[in-house]
Protein chains: 2
Amino acid sequence: MMLLNLVGESGPDGASLAELVAASTLEKPTVRRLLMALIRGGLVEQDDKTRRYHLGVDCYILGTLATPRHGLVDMAADAVARLAAASGDTAFVTMRRGSAAVCLHREEGAYQIRTHALTVGAQHPLGVGAGSLAMLAALPDAELDAVIAENASRLSESYPGLEPKILRAEVATTRVRGYALNAGRIVAGSWGIGVALRWSDGTVAGALSLAAIESRMQPPRDAELAALLASEAATVETRMSRGLNRAN
Amino acid sequence: MMLLNLVGESGPDGASLAELVAASTLEKPTVRRLLMALIRGGLVEQDDKTRRYHLGVDCYILGTLATPRHGLVDMAADAVARLAAASGDTAFVTMRRGSAAVCLHREEGAYQIRTHALTVGAQHPLGVGAGSLAMLAALPDAELDAVIAENASRLSESYPGLEPKILRAEVATTRVRGYALNAGRIVAGSWGIGVALRWSDGTVAGALSLAAIESRMQPPRDAELAALLASEAATVETRMSRGLNRAN
DNA sequence: TGGTTGGGTCCACACTATGAACCATGCGAT
DNA sequence: ATCGCATGGTTCATAGTGTGGACCCAACCA
């Protein structure tokens with residue numbers, strides 16, 4: 001499942017065997033054998049020419065069958081389109097995946113300078129990035145602690161300037177402010193604003209966010225964008241509760 | 001992966017442990033352990049109250065990430081909607097999954113009598129059902145033989161009246177006729193018409209189909225519906241080739 | 001109260017995954 | 001032409017992990 005996930009993260013060009021070995025904690029023969037098993041099951045496929053591994057049809061099939069329960073992107077697609085159109089910047093749907101956030105949908109606006117700091121499939125610990133931070137801040141305190149604890153080592157190692165302590169401070173200001181702001185903390189100059197999305201039972205599902213260069217996120221524009229996000233989020237959330245998808 | 005698939009097939013109400021044990025060839029402790037592993041990985045989730053198992057968020061995430069490569073339903077959604085609206089009957093998107101066909105999308109028309117012979121998530125051997133038969137007939141002969149051989153035992157056991165020999169005859173007439181017709185072979189009185197969909201490289205991706213009661217599939221209406229299907233299939237196929245999704 | 005059904009777990013045992021070492025192939029440089 | 005070096009892929013003794021019959025428990029119903 002770790003491998004499946006890595007293949008998913010690898011984007012439209014897929015992943016090579018070597019890349020997967022490097023990204024996983026497994027040895028080459030093991031990776032290869034597991035990939036063969038995934039291929040047999042249809043969850044992964046290998047391009048005959050390039051020898052690279054991609055997600056298989058069965059992933060798509062299972063995903064489609066899981067849509068009635070979890071289909072956030074469908075419910076948010078038009079909201080994201082409106083956000084991108086209205087702002088001219090790039091809009092995203094991010095979803096929670098345990099203690100990480102996955103970017104599932106990206107819609108570019110018309111403005112000529114576009115940040116590519118966040119691409120579809122990318123995963124970061126909760127709190128890293130605007131949408132991701134919005135989700136983290138939306139969690140109940142117990143869960144927040146658990147998530148931060150789980151991510152602690154990865155944060156300190158791979159995300160300098162986003163150590164647990166700083167993250168907690170960010171969460172606090174996010175909660176007061178009402179929306180999450182990423183002031184170029186991951187890629188310098190690439191700013192973002194995000195708001196969380198919840199299922200009708202209150203659990204955090206994902207987030208809507210906007211990204212742009214620093215100059216386009218200064219007051220008073222930042223507040224305007226945040227208002228835009230909040231209104232679209234409300235729209236999406238009513239839709240999420242209407243389709244009474246989830247029993248639990 | 002077999003279990004994952006079974007959970008997927010089980011529809012929106014999920015599956016109980018006992019059902020999964022029965023449907024799989026595994027023993028109860030094994031099923032339970034594998035399910036726990038799938039739950040750990042986020043591919044499956046268990047409803048705390050009902051104790052039933054459902055597809056998890058990660059299935060949806062992987063499915064979304066696989067959409068650029070395999071996203072048939074998105075490409076066919078509006079065509080299916082038009083089919084259902086124009087015919088008043090129920091329209092389907094089916095996809096190939098090895099030697100089986102999976103129903104991924106179902107759109108009901110306005111007509112008051114609706115067949116529920118095919119529901120989303122249902123899987124049958126290739127050749128069983130209109131869309132499924134359309135796919136089988138669209139395969140090159142070598143592949144057709146392989147598929148029929150693989151399904152032989154299941155066909156004879158579970159689908160009386162659709163033994164390999166009869167299926168081959170059906171394929172022949174389908175190829176001549178240009179579209180697949182299921183004259184109530186699975187559920188008496190429930191008829192269907194289907195046409196195959198191909199990727200731009202010629203490989204069979206899935207099918208579009210319509211289902212209705214027998215009386216609504218008699219000449220000349222059957223031919224009219226087939227024409228409708230063919231034209232929508234053409235639309236979908238041009239869209240499939242435009243998004244040059246697949247390298248291989 | 002007693003029987004039945006379904007969910008979930010234990011642990012001796014058998015089988016299966018593991019990875020260091022190895023082979024094969026494609027490609028750029030000399 | 002030939003070498004060197006990535007990168008993809010495979011082998012096989014060994015360590016370790018999954019397997020399932022038997023069992024427990026709770027809920028439900030007569």
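By convention in this document, chain letters (A, B, ...) are assigned in the order of the sequence lines, proteins followed by strands, and residues within each chain are numbered from 1. Computed from a prediction, not measured in an experiment: that's the story for all the values here.
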| Looking only at heavy atoms, which two atoms of A/Gln123 and A/Tyr159 are closest? And how far apart? | O-OH, 4.3 Å
When you measure from the side-chain N and O atoms of [X] to the phosphate of [N], is any distance below 4.0 Å, counting only OP1 and OP2?
X       : N     : answer
B/Ser16 : C/dG6 : no
A/Arg32 : D/dG8 : no
A/Tyr53 : D/dT7 : no
B/Arg51 : C/dG8 : yes

Send over the distance from [X] [atom1] to [N] [atom2], rounded to a whole Å.
X       : N      : atom1 : atom2 : answer
A/Leu26 : C/dA20 : CG    : C1'   : 15 Å
A/Leu3  : C/dA17 : CG    : C1'   : 14 Å
B/Leu17 : C/dG8  : CG    : C1'   : 8 Å
B/Glu19 : C/dG8  : CD    : C1'   : 16 Å
A/Arg52 : C/dG26 : CZ    : P     : 18 Å
A/Leu38 : C/dA17 : CG    : C1'   : 15 Å
B/Glu27 : C/dG7  : CD    : P     : 15 Å
B/Asp47 : C/dG7  : CG    : P     : 13 Å

| query | Do B/Ser156 and B/Glu163 get their side chains close enough for a donor-acceptor pair, meaning under 3.5 Å? | reply | no
| task | For B/Ser241 and B/Ser200, test the side chains for any donor-to-acceptor distance below 3.5 angstrom and give the result as yes or no. | result | no
| message | Quick check: any donor-acceptor pair below 3.5 Å linking the side-chain of A/Arg33 to the base of D/dG9? | response | no
| task | May I have the step-by-step check of salt bridge (charged side-chain N to carboxylate O under 4.0 Å, His left out) for B/Arg69 and A/Asp47, ending in yes or no? | result | CA-CA 12 Å; B/Arg69 225 179 140 74; A/Asp47 188 307; 5.1 Å; no
Counting only side-chain heavy atoms from C-beta out, which of [options] sits nearest to [X]?
X       : options              : value
A/Gln46 : D/dG9, C/dG7, D/dT7  : D/dG9
B/Pro29 : D/dG8, C/dT9, C/dA21 : C/dT9
A/Lys28 : C/dG7, D/dG9, D/dG20 : D/dG9

| query | Mind checking whether A/Arg52 and A/Glu19 have side chains closer than 4.5 Å, heavy atoms only? | reply | yes
| When the nearest nucleotide of DNA chain C is assigned to B/Ala18 and to A/Leu34 on a heavy-atom basis, which residue is associated with the more 5' position? | B/Ala18
